[in-house]
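Order of the sequence lines fixes the chain letters, A, B, ..., with proteins taken first and strands second; residue numbering starts at 1 for each chain.
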Amino acid sequence: MNPRITKVTSHLNHNEALIFERSQMGRVGYRLPPLDVPKTADEELLPAELRREDDLEDLPEVSEVDVIRHFIRMSTWNYSIDLGMYPLGSCTMKYNSRLNEKVARIPGFAELHPLCPEEDSQGALEVIYELQEHLAEITGLPGVSLQPAAGAHGEMTGVMIIRAFIDARDGEGASALRRTMLIPDSAHGTNPASAHLSGFSVKSIRSTAEGVTDLKHLKQLCAEGDVAGFMLTNPNTLGLFESNIKEICRIVHDAGGLVYMDGANMNALVGVARPGDMGVDVIHLNLHKTFSTPHGGGGPGSGPCCCTKELEPLLPVPRIVKDSHDRYALDFNQPQSIGRVKAFFGNYGMMLRALAYIQTHGFDGLREATEAAVLNARYISHGLVSDYDKPFDRPPMHEVVFTDKWQSRKGVHTLDIAKRLIDYGFHPMTIYFPLIVQGAMLIEPTESVGHQELDQFIAAMRSIAQEAVEDPDLVLNAPHSTRIGRLDEAAAARKPVLRWKSNE
Amino acid sequence: MNPRITKVTSHLNHNEALIFERSQMGRVGYRLPPLDVPKTADEELLPAELRREDDLEDLPEVSEVDVIRHFIRMSTWNYSIDLGMYPLGSCTMKYNSRLNEKVARIPGFAELHPLCPEEDSQGALEVIYELQEHLAEITGLPGVSLQPAAGAHGEMTGVMIIRAFIDARDGEGASALRRTMLIPDSAHGTNPASAHLSGFSVKSIRSTAEGVTDLKHLKQLCAEGDVAGFMLTNPNTLGLFESNIKEICRIVHDAGGLVYMDGANMNALVGVARPGDMGVDVIHLNLHKTFSTPHGGGGPGSGPCCCTKELEPLLPVPRIVKDSHDRYALDFNQPQSIGRVKAFFGNYGMMLRALAYIQTHGFDGLREATEAAVLNARYISHGLVSDYDKPFDRPPMHEVVFTDKWQSRKGVHTLDIAKRLIDYGFHPMTIYFPLIVQGAMLIEPTESVGHQELDQFIAAMRSIAQEAVEDPDLVLNAPHSTRIGRLDEAAAARKPVLRWKSNE
Amino acid sequence: MLKQIGLTSAEDLFTSIPEDLRLNRNLNTPPALSELELLAAFEIRAERNRGASRPSFLGGGAYSHYIPTVVDHIISRSEFFTAYTPYQPEISQGTLQVIFEFQTLVCQLTGMEVANASMYDGSTALAEAVLMAERVTRRAKVIACGAVHPEYLDVVRTYVQHAGIDLQLVGWDEHTGQTSAVIADAIDSQTAAIVIQSPNFFGSVESVSALAEKAHTAGALLILVLTEAISLPFLRSPGACGADIVVAEGQSFGVPLSFGGPYLGLFATREKYARQIPGRLVGKAYDKEGNRGFVLTLATREQHIRREKATSNICTNEGLIALAATVYLETMGRRGLQEVASQCAQKAAYAARRIGEIDGFSLPFSAPRFNEFVVRAPSDATALLRRLSQEQEINGGIPLSRYYSDRPNEFLVCVTEVNSRNEIDRLVSGLEQCSR
Amino acid sequence: MLKQIGLTSAEDLFTSIPEDLRLNRNLNTPPALSELELLAAFEIRAERNRGASRPSFLGGGAYSHYIPTVVDHIISRSEFFTAYTPYQPEISQGTLQVIFEFQTLVCQLTGMEVANASMYDGSTALAEAVLMAERVTRRAKVIACGAVHPEYLDVVRTYVQHAGIDLQLVGWDEHTGQTSAVIADAIDSQTAAIVIQSPNFFGSVESVSALAEKAHTAGALLILVLTEAISLPFLRSPGACGADIVVAEGQSFGVPLSFGGPYLGLFATREKYARQIPGRLVGKAYDKEGNRGFVLTLATREQHIRREKATSNICTNEGLIALAATVYLETMGRRGLQEVASQCAQKAAYAARRIGEIDGFSLPFSAPRFNEFVVRAPSDATALLRRLSQEQEINGGIPLSRYYSDRPNEFLVCVTEVNSRNEIDRLVSGLEQCSR
Ligand SMILES: Cc1ncc(COP(=O)(O)O)c(C=O)c1O
Ligand SMILES: Cc1ncc(COP(=O)(O)O)c(C=O)c1O
């Protein structure tokens, strides 16, 4: 292959410029109807000193076809679920049904204003209500708010509920002494960050060598008397079910705390087991994981918060309720509520998709998806165990963690393995998370891959293991098949350039 | 770059199998509502000997996500207008507006049955009627039928109209002596093929060294007395306007023939000049060229036939007419009609798009598009004239022809130049057409490219001219940037494999 | 840019057009509309298509079937819908592999050996089949059953009028609605082909095998045409019945009604006739390194090489619609196709039984059916159906008088998987009421 | 597969879950629906959203603007909507370059120096801005104008309740509808920031420059929040007015109303605060061969590195909506944005004038406006608007009593480029009639 045509070449599709670099004065890509009302003089509309000062200089001027080519070309630089398996552990990258996209675009929903009177938006409110009911059934936790916009937002909501509950239960003085949130060292970064937002300080709970919560450590910390709650992910971020969950809840409850469950891994449990039955008090779900709403390159998400009957009055307002005439209504009259966490009702478009997911799967389909997700992870676990170090022995649930221990002896690390996987046409797994596992590779296939694709993935991973021995440079310099090579992130952070400027 | 990752590699996206190779027994990608009527016994429905015999063995069994990945992966092997300039001469690959796609999908059109009573499909009939009116105005030919499904179909329709007209005019005996259709040697292959379908034999008219119709030759053949008509493309397939068109029409008419114009190149004329004003009797348009309906990887098209008032009664039935109450109606009562050329009304979805094109451009926008299309071709002509042989001196209209004369001295031919262009991110131009130009490269930029892209194209072409001198092998072995290299078409035709079979 | 190439005004671009031929005025077409205005204008027109949004029992060559959502997503991919014909295989493998799969699926469904990349629609595919039969047999007489879709017969007539083909029609049996037995007498040594539709325009399933035998005995071909391709998974395959050329309207495979088009002509035949097929064919090919790919092949049949001697004048075909059909067929898959077909047959059987029970109504034809059948009403069918449409907002069927002026009281009813029992029951009660 | 890994039944997969915790029954959620049934069910619900299909003058934080068709085409590209957060830059350059352009566009429009990759929405962006102001200034008092969107103020209250921030509200001037002059007295050396919305909830454009000066004099920041981002091309830019943090709801940039979400929080500030910004940032980077690319950067601000010390807990943001906004802004472009903004202002001015002329109606606030304004009706606004909706099928506005129980007769009207003169005139005559 000729060097001229490797990596970023003269090929147009690999060299799409920034739109600002493509802009040409006078080009337009829009057309509006002509103004059809009598024109008011500019001076009358707005005093000169309040008017825009710069004629929007530097904003792009391009035609519609320029726009299309710009984005279509850039899109080809992305990997996506639709191109193949996306085994990011903890992210649950499952197939995003086209049907659900269509549902979200039905004009009767897409063009509905959130402040339309209740009587003119009954269909939309019904969707919220039904989804609340289904999520309550799935989690076993009857109080549901769909207001949070993502997982972390749901965490914040849930933790604030814990805080409000304890403040109310213990009274001002006593509750001020209860400001510790326990969080496992394997937890996702949003957990401590969300706890912090509610005014808690965080204490870390150790994981055992088996990869689960260290009960002794938990008891010890609980004994200190200042514990407001425990934030647990289950299955935890190592893909292991916390079999002691009932005991854990008991310990925390006995110590006067509440149990928060990070529901990011609910894809291992839907239809099989319910957090509410385990003793969990409050949980958030990620509709953009378990319920298949698309990740969209980083969002939007939706992070419903579900809680016990006891905590329900603390949920954000407005609640969406059904009145005695089977009419749906907004209920603002919740004096114990922690307040509002977002304008309007949350990321409504995601709710439509999630409800469609639940309804097209049916109760049996939901369970089958869980079974397939776990089976696929087990299959990978089984398929890679002789080529990669698997730090925990217990059978994984929906995701499995391996490490680079064996490969690193040859200088090949998790990052290199991940990058090399790209050359085989796969998105890498989650790497270096959870932090407690050195060189972690967290693999979550989800239910959306078939036998064939699993075998291809396993074959690719095994091939890389072999390359790491036979031709480590090949792996160390990967990826080779992409538009650009590894980027110097350190340099980028040292002197950050965060926007285009005309004079640069 | 490592050889392992060139061309078709282990990268999944480059190796998508045939769906039949991906099929796994028992997988499904559909779900239908349960049957809600009382079940009739199979025997009662259909005698056994009429029932399907093979249980559809070998038809694919795949899941929805399999389907999505299958097609999305394959799609990435295609070039398309949305990725860049597509300068196929004679094909008018212009931007396909997203708006027009949306219009075609409005349920009130997309879900309308063609045999709905007229009173229940007035909106749809109005669209046909309005488009007819606009095309009549654009061509200057008042009789319009939208029934033909593509250019060649429109040609057949038009030529049959000529035949029917002459048969009626001359009577059976005399008309039998008038069975010659004159066609320039530069014409598109569909012209003679369509003439043949109407029972004409074809005589070829020479082009002059200047690239236009040889009037002397035309007169000479017309003098033979058997000429039914002349099929002319204007601008012709060399991109040159036939300036003698009026004289040509006079000669043909004087000889008792009619003039057919292949309107594939109308993108050079819309709003600037009208075939009807030139003396043309009948023309077809390609809505999938001039009026921007998408080519769809080979179709669908739409090839309306437009003709003079005199010929109008010969158009296919049904005609779509407006009655005295401003109601639209189907008129089957056309005894002189050549008959029906297609079930229902033609490729209706394309009519919606074409009408949207005309209405969003407006009369001024239509002319501006023509100007831009011609200007862009001129610009390319100007930009390449010192690097490639330009066989005709006259200024081109919307497309320009070059040859490989200079490059072929180094053994680099048109095909090689075309393939190398791929490595620069462009679709090649039309090659080896028209047949009368040795090593022809017919370049039609259309109005849908900006200054920047034209310059990039010119630069790529000039760079290839240089490579042809400095490194001919690079060009001869192109393309280098694609999934596969040049395919052995001769071998493929020798022992054609036209379908997958389970035992192969 | 004008200046860069030495011109001063846009008018200079057109100097090769004689001045008196230039349009020295604006086109008399409307001024430009913005997106907002355009959409509003089309929405208003769409609302006047009252027929679009109702329970409908219209068939007759265009069918309402459920279209999985994935179909539109795929055909809206830029790389598919804004590509040209795959003349440059290195950057068209997506389109080419799709067509190869399409050809395979058409072969599988029809039970034939080769299929092309598509024709304009079922009607033109039939016309091309007739022309091909003449080429293959070098015989001039073609016998078609009168129960072939009337618009298809019209198109065939137009196509063959200058081809020296003698097209003869035979009628149908008034009891069964199938091709009349007299067809046997019409077949002779001059006969190139007989043309049979099954299920035919009246919904009657023909005895294709028997007819094929008769044709073959005389050295003629059997051309089988289908307007309802979704019957293929249900009925004995054309290949198994002995058909020589099979053409069909493929609209039922994931293509919206869209007021009659764009639709999809399917064309399949025996391997030995491959070089006589009209239209494009895609075949397997390899590059120098042995990688498998696909190319347009056997192009010497086609107009761009053969010109007037080509097997057809077709160039642009129905590429994107063939893609839609491919996505449809692969998404529904083996079991889904069987289920759709079976639901159509079941629901039609239910509807036929119920309608047949209405006082004064009868089903004149006795042959086995798939999803269409003729109903004889006690009075003028056009008037009845208009009343049904106005009072009940149901499209009840197609009056046969649209095509057969001597059958005023009959209409054609089509039932598919999208018609719920509730809709069928409403049709039945609506017919009852409107005929009182 | 089960067998291949040594298991015999699906139940074996769950042995690590204690048996008493397993759900030994079916979920009590509904049985599976087919595509057909599901779509029909949602269509029925959609029809009960009567508010969706009418002329509408609702604003108040969510706006009807024309969305060019290209926007949905681009955000429906598989490569965009089914991708994850761009953690692997080599195969995420599409998303990354888009975000870089988005950040640039937000900077250009706000006149600020840096912008992030998005927040959940305008309200949470405001809450994060308040938290950031505390971090930057290490001061605890925040003064917000009462004319900030009431739901935004609610959200801020929730966010700051445990952050040790003292949130104080000041009222508005009843003549102008702008922030009351008393705010000057409230600013002191403990003040971290003042929070101003402009145009504010009543549609009044604030004197931002003057307020910024007052804040800066006291060493406090000016946080400017916008709910109607399409006012940016029209009004003096926040940067030019001296704002320190600018947050906005970006829904007006090509995002459908969708009953309130997903929307798009914009967040921009001065370069010197870049390391205090919440959320993701994309920056320019190069590979070994010097090729330009983009990466997520300054990640040490974020929760996955900093955990409880992060600048925010946000992880998933509104990526796809930021893409929609980017497509919108680039398609409309410089001139299109100016024209949309100007049409909004013009049409609102017309509507305000006409409504102000109706007998018994008045416009209580005198400040300059953009596209929203408060109307005072002669009677209860909620009842009036309900009648208007029932009799005229117009969504006439938002009753202020929804948020301010002491303002029963007033309502907020919003007019944008999608409201035709005809609609405005119908609103005017409708109000006239319904108030009689
Ligand atoms: C275990 C876990 N918890 C919380 C989150 C945060 O969810 P979100 O990104 O929706 O805020 C994630 C998502 O990445 C996660 O994996
Ligand atoms: C000059 C010319 N004539 C006729 C045709 C035939 O049109 P169609 O492909 O629509 O049948 C073409 C299209 O390729 C053409 O370029």
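Interface residue Ile5(C): backbone and side-chain heavy atoms are both found under 4.5 Å from chain B. Neither the backbone nor the side chain of Leu240(B) comes within less than 4.5 Å of any heavy atom in chain C. Heavy atoms closer than 4.5 Å to chain C are found in the side chain of Leu269(B), but not in its backbone. Both the backbone and the side chain of Pro38(B) have a heavy atom closer than 4.5 Å to some heavy atom of chain C. The parts of Glu330(C) that come within reach of chain B are both its backbone and its side chain, each placing non-hydrogen atoms under 4.5 angstrom from that chain. Only the side chain of Thr297(C) comes within less than 4.5 Å of a heavy atom in chain B; its backbone stays farther off. Using a 4.5 Å cut-off between heavy atoms, Leu366(B) touches chain C through its side chain atoms alone. Of the atoms belonging to Glu371(B), heavy atoms from both backbone and side chain fall under 4.5 Å from chain C. Interface residue Ser123(C): only side-chain heavy atoms are found under 4.5 Å from chain B. Using a 4.5 Å cut-off between heavy atoms, Ile106(B) touches chain C through its side chain atoms alone. Of the two parts of Met278(B), the backbone and the side chain both hold a non-hydrogen atom closer than 4.5 Å to a non-hydrogen atom of chain C. Of the two parts of Glu126(B), only the side chain, counted from C-beta on, holds a non-hydrogen atom closer than 4.5 Å to a non-hydrogen atom of chain C. The part of Arg386(C) that comes within reach of chain B is its side chain, from C-beta onward, which places non-hydrogen atoms under 4.5 angstrom from that chain. Heavy atoms of Arg27(B) lying under 4.5 Å from chain C are absent altogether. When heavy atoms are compared at a cutoff of 4.5 Å, Glu155(B) does not approach chain C at all. Heavy atoms closer than 4.5 Å to chain B are found in the side chain of Val114(C), but not in its backbone. For Ile74(C), the part lying under 4.5 angstrom from a heavy atom of chain B is the side chain only. Of the atoms belonging to Pro33(B), it is backbone heavy atoms, and not side-chain ones, that fall under 4.5 Å from chain C. The contact between Leu50(B) and chain C is made by backbone and side chain atoms together, counting heavy-atom distances below 4.5 Å. Interface residue Phe20(B): only side-chain heavy atoms are found under 4.5 Å from chain C. Contact annotation for Leu7(C): only side-chain heavy atoms (C-beta onward) come within less than 4.5 Å of a heavy atom of chain B. Only the side chain of Ile398(C) comes within less than 4.5 Å of a heavy atom of chain B; its backbone N, CA, C and O stay farther away. Heavy-atom distances place both the backbone and the side chain of Tyr379(B) under 4.5 Å from chain C.
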Inset, instruction - Show your reasoning for whether ring pair (Phe, Tyr, Trp, His ring centres under 6.0 Å) applies to Phe259(C) and Phe345(B). - result: CA-CA 8 Å; Phe259(C) 206 48; Phe345(B) 313 111; 4.7 Å; yes
Inset, instruction - Report the C-alpha separation of Gln338(C) and Asp55(B) in whole Å, then their side-chain angles, then the decisive distance to 0.1 Å, and conclude whether the side-chain hydrogen bond (donor to acceptor under 3.5 Å, both in side chains) test is met. - result: CA-CA 8 Å; Gln338(C) 290 175 328; Asp55(B) 197 23; 2.8 Å; yes
Inset, instruction - Would you sort out whether Arg292(C) and Lys284(C) count as a side-chain contact (heavy atoms from CB on, under 4.5 Å), showing the intermediate values? - result: CA-CA 7 Å; Arg292(C) 179 178 75 181; Lys284(C) 192 151 73 164; 3.7 Å; yes
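With a 6.0 Å cutoff to the six-membered ring centre and a 45° limit on the axis angle, Arg77(C) does not count as a cation-pi contact of Phe80(C).
When each of Tyr286(C), Tyr263(C), Phe42(C), Tyr350(C) is scored by its heavy-atom pairs under 4.5 Å with chain B, the top score falls to Phe42(C). Among the candidates Pro117(B), Gly339(B), Ala493(B), the residue making the largest number of heavy-atom pairs closer than 4.5 Å to chain C is Ala493(B). Taking Ala492(B), Gly199(B), Pro395(B) one by one and counting their heavy-atom pairs under 4.5 Å with chain C, the maximum is reached by Ala492(B). Put simply, of Ser381(B), Ala356(B), Ala491(B), the one with the most heavy-atom pairs under 4.5 Å next to chain C is Ala356(B). For chain C, the option among Leu197(B), Asn78(B), Val28(B) with the highest count of heavy-atom pairs below 4.5 Å is Asn78(B). Options Tyr152(C), Tyr87(C), Tyr159(C), Tyr66(C) differ in how many heavy-atom pairs under 4.5 Å they form with chain B, and the most are formed by Tyr159(C). Here Arg274(B) is the residue among Glu64(B), Arg394(B), His361(B), Arg274(B) with the most heavy-atom pairs under 4.5 Å with chain C. For the options Ala322(C), Ser342(C), Ser420(C), heavy-atom pairs under 4.5 Å to chain B are most numerous at Ser420(C). Between chain B and the options Arg22(C), Gln343(C), His304(C), heavy-atom pairs under 4.5 Å are most frequent for Gln343(C). Contact count against chain C (heavy-atom pairs under 4.5 Å) is highest for Gly297(B) among Ser121(B), Gly297(B), Pro496(B). Your options are Leu257(C), Val70(C), Thr85(C), and the one with the most heavy-atom pairs under 4.5 Å with chain B is Leu257(C). Comparing Ala274(C), Cys107(C), Pro89(C) by how many heavy-atom pairs each has under 4.5 Å with chain B, the most go to Cys107(C).
To the nearest 0.5 Å, atoms CD1 (Ile422(B)) and CD (Gln88(C)) are separated by 5.0 Å. With rounding to the nearest 0.5 Å, the separation of CG in Asn28(C) from CG in Asn26(C) is 9.5 Å. The CE atom of Met160(B) lies 4.5 Å from the OG atom of Ser198(B); values are rounded to the nearest 0.5 Å.
A salt bridge links Arg50(C) with Asp120(B): at least one charged nitrogen is closer than 4.0 Å to a carboxylate oxygen. For the pair Asp154(C) and Arg157(C), the salt-bridge criterion is met [side-chain N within less than 4.0 Å of a carboxylate O].
Ring geometry for Tyr348(B) versus Phe109(B): interplanar angle of 30 to 60°, hence tilted. A perpendicular orientation is assigned to the rings of Phe433(B) and His188(B), their planes being inclined by more than 60° (bins at 30° and 60°). Classified by interplanar angle (parallel below 30°, tilted 30° to 60°, perpendicular above 60°), the ring pair Phe100(C)/Phe294(C) is tilted.
Residues that satisfy the salt bridge (charged side-chain N to carboxylate O under 4.0 Å, His left out) test with Lys309(C), not counting sequence neighbours, are absent from this structure. By the ring pair (Phe, Tyr, Trp, His ring centres under 6.0 Å) test, His295(B) is found to be paired with His288(B), Tyr84(C), residues two or more places apart in sequence or in another chain being considered.
Using a 3.5 Å distance cut-off with no hydrogens or angles, the side chains of His70(B) and Glu16(B) do pair a donor with an acceptor. No side-chain donor from either of Gln303(C) and His196(B) sits under 3.5 Å from a side-chain acceptor of the other. There is no side-chain donor-acceptor pair under 3.5 Å between Glu79(C) and Tyr79(B).
Distance alone, capped at 3.5 Å, is enough to place a donor-acceptor pair between the Asn317(C) side chain and the Gly319(C) backbone. Here the side chain of Asn313(C) pairs a donor or acceptor atom with the backbone of Ala152(B) at under 3.5 angstrom. The main-chain N or O of Gly51(C) is never found under 3.5 Å from a side-chain atom of Asn49(C) such that the two would form a donor-acceptor pair.
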